[in-house]
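What follows is a set of notes on a single structure, which appears directly below.
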Amino acid sequence: MNRYRKTVYLLLALVAPVPAIAQSNASCGVTTEVLYRNPNVPIEARVEDLLRRMTTEEKIMQLNQYTLGMNNNKNNVGVEVTDIPATVGSLIFFGTEPDLRNRMQQHAMEHSRLGIPILFGHDVIHGFRTIFPIPLAQACTWNTEAVRRSCAVAAQEARMSGVDWTFSPMVDVAHDPRWGRVAEGYGEDPFANGAFGAAAVRGYQGASLDDSLTVAACLKHYVGYGASEAGRDYVYTEISRQTLWDTYLQPFKRGVQAGAATVMSSFNDISGTPGSANRYTLTDVLREKWGFEGFVVSDWGAVGQLITQRHAKDLKHAGELAINAGMDMDMMSHAFDAHLAASLEEGKVDTLTLNNAVRRVLRVKFQLGLFEHPYTPENSTDSRFLRKESLALADTVAQESMVLLKNNGALPLKGKKKMAVIGPLAKADHGLLGCWWGHGNDDDVDVFYDGIMREFGSQCQLRYAKGCDYDGDDATGFAEAVKAARWADVVVLFLGEKSRWSGENTSRASIALPEIQHRLMETLAQTGKPIVLVLSNGRPLELNRMEPLASAIVEAWQPGINGANALAGILSGRINPSGRLAITFPYSTGQIPIYYNRRQSGRTHQGFYNDMTSNPLYSFGDGLSYTTYTYGDITASATQVDKNGRLHLEVPVTNTGDMDGQETVFWFVSDPYSTITRPVKELKHFEKRMIKAGETETFAFDVDVAQDLGYPDGNGNQVVEVGEMTILVKDKKLTINITD
Ligand code: GLC
């Protein structure tokens, strides 16, 4: 019998069979007369009442998170806690059925003195069972409403499965695609990460956390994890205070403003003070400057890792550093449960610090309604997973996330009679789920080939050949692929990454695909047949060898379970592609870091590489359409504005082609000179809208000068510079003057 099953049986033996799930408050003899049990009392009063009743031991246990069930994240060796204490604050729940969770919860409610419910968390990153495109792909939709809705679906499936709290959204700005976790965030831009992160928080948490279909969100990884040196995971990050404020903190500020219930502290060492013991970020910024009232959970083992990072002497010291910095809940280091009592005894941690941390945890539990509804109602998987509307949304998000990077006229595919469908990703199922696939099921995946069969099968003969595997050096499949290519009018070649090649602990020194995939494409190119390259990957790739061989390139990302119709529709022209890159594709790995919002050097004509271009292959915001758009001039309500004033900007956009299309208008600002140098341009607003063929839509940006045209200095104070400021939209510019 495997360890997991044994654990489950042991747990089930711990608690009596659950009667009809009692949504009652009666537990361990405590009834609603007790103030903290009374739902009609304000939460803060309930928190204080409960806190004063708690022993030190009970308080400490609320600040611990263990795991329940088999840990499926191989990067953290899963320690199954076979004897879970009834007083534990939280569990990472790896199950999908309410029953196991409810039996564990009953153990807490009925075998602890105060009956404090356990908070069950899980990594619901881009779906629970209905798996959506990876977050980086979602950012390429530039559709925050679609992202909000996808997170609402994830929350519904998670909450109905026994999960109250997701460790998402990840809003780590990342400039280095060697770092595999770029897949999990929203790209290279602070404003974009903030906009999508806030949308995700609204989706997960809905209108009220005590709604039975919402979950608590968790902004992660706080902060600067995306700056990991050379793209290696978990390592040191050199981040100046100025960069901390104008790049890495901004998305978290937006997420806190959106009402995120929790934050996860990061592994990385932030210029000498690791994120999980960094009082400046955890207390000075998060609590004192932003007024965050939720709680901070550490990343897995991050407290214990303070020792390895040479910041703590031992585990007890690590726990003291963490909690005194403002980190509230210890995920799996066992620093708090083992040593916090002694630290309190010794005065290394004071009671106020302990009480504040417990208050924050209890506050979220009350907000979630866990005291009134500690159990997850039993429900059928049919009612819970893969709802028709959820699948339709997954298809929409996939459609809007895919980016047409190159098209020499090969697309859309019209009038083709013979199509060769080739490559290791053509029939891949698991490969399309991407990292953090949660409870995504390979059998739920609609593979690309099936989508092509449905879209083209009635008008076109198809031949399939895998050609090669993702990697390795087995070229024995090339012959069959070449034969199919020679037979066909067009080759649709599916290349890319495995799901596990991006995400946590997946750093790569090169972002080029494996050699075997290059050889396959180069061999197919020798047939002279047009190649439409479809990529499925979790990070920007180095494509300088493949790009010249392709007549067209579609970046399909890892679309989750429902991307096949979207891809096939783009190939046929049924769908007009509308995705735009949220992250730069370097021409070469050697260019990294390379991103759009760079600072300008002192020499615009020098300082370039001598061995290759200094330009990326594809830039932030790139993406082609099957139609064309023409932008009119930007107009402004005024061209002179007070630094505390507002401005209304407009730009007309005309669809000059013969196909309806969704266009994203990006509004950038550029300060020609400032006290603290600014990037050559910064995204400050974006809007996506359908524009019918031949019609014109007017896009607007209502500018709050201080917020949108200012910037944070190294202390987080918003600075607005008097003088010129240029507004940039596509190839249009407007200069305005900011006055005192
Ligand atoms: C992991 C990840 C974090 C995740 C946590 C729980 O190590 O860094 O993103 O939420 O542990 O699985």
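Order of appearance sets the numbers: ligands from 1, and atoms from 1 within every ligand.
Using a 4.0 Å cut-off between a side-chain N of Lys or Arg and a carboxylate O of Asp or Glu, R129 and D444 qualify as a salt bridge. Ionic pairing of E497 and R539 is present here: one or more N-O contacts between side-chain nitrogen and carboxylate oxygen are shorter than 4.0 angstrom. With respect to the salt-bridge test (charged N to carboxylate O, under 4.0 angstrom), the residues K316 and D314 do not qualify. Between D246 and R241 there is no salt bridge, since none of the side-chain N atoms of the basic residue sits less than 4.0 Å from a carboxylate O of the acidic one. Ion pairing of D172 with K220 is absent here, as no side-chain N (NZ or NE/NH1/NH2) approaches a carboxylate O to less than 4.0 Å. The pair R384-E97 meets the salt-bridge criterion, since a charged nitrogen lies less than 4.0 angstrom from a carboxylate oxygen.
Residue contacts with ligand 1: Y225 is placed with no nitrogen or oxygen under 3.5 Å of a nitrogen or oxygen of the ligand (distance criterion only). At least one N or O atom of H221, backbone or side chain, sits closer than 3.5 Å to an N or O atom of ligand 1.
Which parts of ligand 1 touch F267 is read off a 4.0 Å heavy-atom cut-off, strictly below it: atoms 7 (O), 8 (O). Applying the 4.0 Å criterion to heavy atoms of F167 picks out, from ligand 1, the atoms 10 (O). Interface of K220 with ligand 1, defined as ligand atoms under 4.0 Å from a residue heavy atom, comprises 3 (C), 4 (C), 9 (O), 10 (O). Close approach to W300 involves these atoms of ligand 1, each under 4.0 Å from a residue heavy atom: 7 (O), 11 (O).
Atom 3 (C) of ligand 1 has its nearest heavy-atom neighbour, among V124, N505, D233, D299, in D299. Nearest-residue assignment for atom 4 (C) of ligand 1 (options V297, I125, D123, T166; heavy-atom criterion): D123.
Of the heavy atoms in H122, none comes closer than 4.0 Å to ligand 1. Only the side chain of M264 comes within contact range of ligand 1, with a heavy atom under 4.0 Å; no backbone atom does. Proximity of E504 to ligand 1, defined as any heavy-atom pair under 4.0 Å, is confined to the side chain (atoms from C-beta onward).
Here W437 and H126 keep their ring centres 6.0 angstrom or further from each other.
Remark: of the listed residues H122, E157, R101, H122 is the sole one forming a side-chain contact (heavy atoms from CB on, under 4.5 Å) with V163.
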